[in-house]
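Values below: every heavy atom of this structure, side chains too, minus hydrogens, waters and symmetry copies.
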Amino acid sequence: MEGASALVYRAAKIPTRRIKAKQANYFLAIRLDDQLVQQRLKQFNDHVQATAPKWRKYLIRPAQVHLTLCAMHLGDENAVNHASKLLSESNDLLSKYLVSADKPTATIKGVGFLDSGRVVHANVQPMSPEFMALVRELRLRFWSHGYSECALPPSVPFFEDGLISDGSEKSVTGGRMGPWSPHATLMKMRGDNLLRLKRQATASLKSATKRQGTKAAPSHAKADSDADEETKKVTLNDFFGIPHALHEPFREFELGTQVIARIELLSMLLPKDKNTDYYQKAGQLEI
């Protein structure tokens with residue numbers, strides 16, 4: 001068994017012992033810097049700030065919006081240099097998958113939400129099978145080197161710090177590599193207040209549900225029907241998440257098409273670039 005298939009087979013041997021994940025501090029991404037896309041992102045942000053200023057602190061600045069391919073923990077400068085070299089030397093994937101002279105594109109249309117409304121994102125329309133295959137193999141290449149797909153809670157992929165040569169059976173400590181679902185985050189609730197807010201929201205939801213259940217009704221059938229209708233209207237998002245009404249007008253909004261010129265290795269934690277207000281770059285793969 002050779003190539004990517006072999007890596008998938010070896011990576012499937014997952015140990016039963018759980019290893020605590022490292023916090024992700026770098027990621028691979030596609031920058032959304034097309035002029036029209038930036039204008040439409042600003043239009044969304046202006047709408048939020050004008051109609052619901054209380055929620056503006058959760059907005060992502062247009063210049064920082066991107067499509068994440070994968071996240072990883074890089075423990076020191078050597079690891080960063082190794083990951084940067086791995087990315088730049090992956091140009092063999094370009095000739096393998098991108099045979100057309102035209103650069104790949106990402107069309108962004110519609111706004112939705114994830115995680116009970118904690119994240120508001122723009123949808124990416126289906127991309128070319130060739131580019132999706134390139135991204136899959138690039139992610140697999142990083143995964144096989146011991147770079148986590150997403151190193152947050154222990155329930156998702158985790159890897160040891162040591163960097164081992166590509167293809168080594170020992171390089172994968174454990175975890176899985178899921179499919180890539182591209183989306184652009186526009187708003188995100190985060191910070192130390194999240195747990196407190198969620199507890200308050202859960203308590204409010206339980207209280208509202210209890211009040212609905214004790215309402216008087218002329219018959220059991222009518223009471224059940226009324227309770228069902230009321231319950232449909234009350235969700236955790238109403239108390240905790242970003243209100244649906246805030247982004248509903250943008251459900252079919254067309255943000256434009258991004259020509260993909262490069263894939264970049266970016267730092268989550270270093271200060272943003274003063275000139276571009278974008279993440280500091282540690283490496284790139286030109287397309």
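Remark: the backbone N or O of Ala282 is paired with a side-chain donor or acceptor of Ser84 at under 3.5 angstrom. Of the possible donor and acceptor atoms, none in the side chain of Arg56 sits under 3.5 Å from a partner among the backbone N and O of Val48. Looking only at distances, no side-chain donor or acceptor of Gln258 sits under 3.5 Å from a matching main-chain atom of Ala106. The main-chain N or O of Lys272 is never found under 3.5 Å from a side-chain atom of Asp277 such that the two would form a donor-acceptor pair. A donor-acceptor pair is defined here as one N or O able to donate and one able to accept, closer than 3.5 Å; no such pair exists between the side chain of Asn25 and the backbone of Ser267. Checked by atom type and distance alone, the side chain of Glu252 never pairs as donor or acceptor with a backbone atom of Lys109 at under 3.5 Å. With hydrogens and angles disregarded, no donor-acceptor distance shorter than 3.5 Å links the side chain of Gln64 to the backbone of Tyr279.
Between Leu285 and the choices Asn91, Leu86, Leu28, the side chain to side chain contact (heavy atoms under 4.5 Å, CB included) rule is met once, by Asn91.
Contact check for Met189 versus Trp55: side-chain heavy atoms found under the 4.5 Å cut-off. Within the 4.5 Å cutoff, no side-chain heavy atoms of Thr257 are placed close to those of Asp34. Counting heavy atoms from C-beta outward, Ile108 and Arg40 have side chains that stay 4.5 Å or more apart. No side-chain heavy atom of Leu69 sits under 4.5 Å from any side-chain heavy atom of Phe142.
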Original post:
Yes or no on side chain to side chain contact (heavy atoms under 4.5 Å, CB included) for Met72 and Leu265, after CA distance, side-chain angles and deciding distance?
Top reply: CA-CA 10 Å; Met72 66 199 76; Leu265 175 65; 4.2 Å; yes
Subject >> Verdict with reasoning, Leu270 to Tyr26, per side chain to side chain contact (heavy atoms under 4.5 Å, CB included) >> reply: CA-CA 10 Å; Leu270 291 176; Tyr26 281 82; 4.1 Å; yes
**OP:** Could you give me the CA-CA distance, side-chain angles and deciding distance for Arg251 and Glu248, then say whether side chain to side chain contact (heavy atoms under 4.5 Å, CB included) is met?
**Re:** CA-CA 5 Å; Arg251 186 172 54 165; Glu248 180 65 21; 3.3 Å; yes
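Residues Tyr97 and Glu137 have side chains that bring a donor and an acceptor to within less than 3.5 angstrom of each other.
Minimum interatomic distance between Gly112 and Asn123 (heavy atoms only, all atoms of both residues): N-ND2, 4.3 Å. Closest approach of Ile30 to Phe131, counting heavy atoms only: CD1-CZ, 3.8 Å. The shortest non-hydrogen separation linking Ala184 to Val65 is CB-CG1, 3.7 Å. Between Met127 and Pro182, the closest heavy-atom pair is SD-CG, 4.2 Å.
Relative orientation of the His66 and Phe27 rings is tilted, given thresholds of 30° and 60° on the angle between their planes. A perpendicular orientation is assigned to the rings of Phe253 and Phe250, their planes being inclined by more than 60° (bins at 30° and 60°).
When the shell of 6.0 Å around CD of Gln35 is examined, it contains 12 or fewer heavy atoms from other residues, nucleotides or ligands. Open room surrounds NZ on Lys42; 12 or fewer heavy atoms of other groups in view lie less than 6.0 Å from it.
Residues satisfying the ring pair (Phe, Tyr, Trp, His ring centres under 6.0 Å) criterion with His121, sequence neighbours excluded, are His183.
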